[in-house]
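Worksheet for the structure shown next.
No hydrogens, no waters, no symmetry mates; every other heavy atom, side chains included, goes into these values. From a predicted model like this one, the values you see are computed outputs, not experimental measurements.
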Amino acid sequence: MTRPDIDQVWKWLDAVPDPEIPVISVVDLGIVRAVDWDGDVLNVTVTPTYSGCPATRIIAMDIETALRDHGVSDVRITTKITPPWTTDWLSDKGRARLEDYGIAPPQPAGGPTRCPHCKSQAVERVSQFGSTPCKAQWRCTDCLEPFDYFKCI
Amino acid sequence: MSDPLFEFLLRQGDNTLILGHRISEWCGIAPAVEEDIALANTALDLIGQTQMWLGLAAEVEGAGRSADDLAFHRDVWDFRNLLLVEQPNGDFGHTIMRQFLFDAFQVPHLTALHNASDDRIAGIAAKSLKEAQYHLERSRETVIALGDGTEESNRRMQAALDRLWPYAGEMFLRDGVDDAMHESGIAADPASLRATWDDTVQTTLGEAMLTIPDSDFAQQGGKSGKRHSEHLGHLLATMQFLPRSYPDARW
């Protein structure tokens with residue numbers, strides 16, 4: 001087979017949704033660090049978000065499946081922990097999509113700037129942790145809706 | 001003594017494994033759903049860190065064992081975790097106090113490790129440090145909220161501190177493994193981390209209206225594996241039951 005172009009592969013990967021936050025792709029999440037050919041093997045380097053995140057294994061499987069569907073049969077997923085993943089690697093597209101989906105994107109100040117629903121700045125923390133390792137629970141004191149905040153690390 | 005690097009890695013992985021397992025015991029029964037989720041998430045981070053530490057330990061040992069083999073097929077005397085982390089959960093206050101005393105150590109410890117001369121160790125430390133800092137932020141705030149809370153919560157937090165204090169000193173004791181790690185530029189002398197820890201602990205416990213016990217007596221024997229408390233065997237019996245009873249079990 002002819003080896004697909006690396007740019008093309010990145011486009012395919014950008015269509016692989018995060019299994020727990022399906023509005024963003026694994027590329028938006030910033031965990032795909034490199035894609036390169038090693039002979040006929042396509043090497044995809046992935047940096048996990050949290051060390052114990054159960055989604056990490058699913059993500060590797062989803063990446064492999066997606067690439068197979070596009071005809072790439074030899075895929076090697078390499079896990080790389082250095083430098084450690086940071087929310088700075090989230091794409092701007094990903095940040096905007098998170099907010100549209102109701103998840104406040106990470107902020108360097110350590111808390112959301114506004115409610116993703118009504119955009120009010122009157123927000124308070126409910127819990128430092130949430131439904132997945134990457135999120136915390138917040139609440140808007142204007143519209144009273146609870147919402148997820150993507151933790152900044 | 002076996003290879004000091006292997007011993008050192010077991011200490012790292014066993015601390016996170018045993019504490020991770022301990023706090024996972026709260027899953028489904030914590031006093032509030034937010035706390036339940038927080039404890040389960042903290043446990044998840046610690047178990048994830050364990051996979052990295054014990055994975056590297058297995059690699060360094062080179063005896064064909066995996067991280068799972070080390071976690072599930074060793075007995076009490078082979079474990080190298082601090083006595084502090086194997087202590088039973090007690091009430092929620094005990095669990096949070098134990099977490100705080102450990103987190104306050106783990107942050108400066110991982111900060112120092114993150115400059116280790118061994119890139120693999122530096123990498124795991126850098127990754128774990130981010131999570132440890134987040135854990136410390138929460139355990140610190142919770143200790144203050146409960147210590148400076150009601151009369152009852154203050155009394156319980158003081159009881160937790162009094163009960164756990166004798167287990168804190170072991171973190172700073174130095175032995176042959178620490179010497180070897182220090183000499184090869186991997187880890188800091190544990191005693192040198194004490195000042196940072198004291199600072200965090202004194203400030204936090206002061207804000208929490210709690211009194212630090214004035215005895216410096218330190219129980220020891222966990223990280224050397226010479227004398228674990230009776231609680232570790234019970235924990236392992238639960239944690240290791242399935243892989244020991246059904247050795248080839250797969251999810």
Could you list each donor and acceptor atom pair linking chain B to chain A at less than 3.5 Å?
| from | atom 1 | to | atom 2 | distance (Å) |
| --- | --- | --- | --- | --- |
| Asn41(B) | ND2 | Gly130(A) | O | 3.0 |
| Lys127(B) | NZ | Pro48(A) | O | 3.2 |
| Lys127(B) | NZ | Thr49(A) | O | 2.3 |
| Lys130(B) | NZ | Trp85(A) | O | 3.0 |
| Glu131(B) | OE1 | Ser51(A) | OG | 2.5 |
| Glu131(B) | OE2 | Ser51(A) | N | 2.8 |
| Glu131(B) | OE2 | Ser51(A) | OG | 2.9 |
| Tyr134(B) | OH | Gln128(A) | O | 2.5 |
| Glu137(B) | OE2 | Gln128(A) | NE2 | 3.4 |
| Glu141(B) | OE1 | Arg125(A) | NH2 | 2.6 |

Under a 4.5 Å cutoff for heavy-atom pairs, which residue among Ala122(B), Gly123(B), Ala38(B) has the most contacts with chain A?
Ala38(B)
Which atoms of Ile124(B) come close to chain A, meaning under 4.5 Å heavy atom to heavy atom: side chain ones, backbone ones, both, or neither?
both
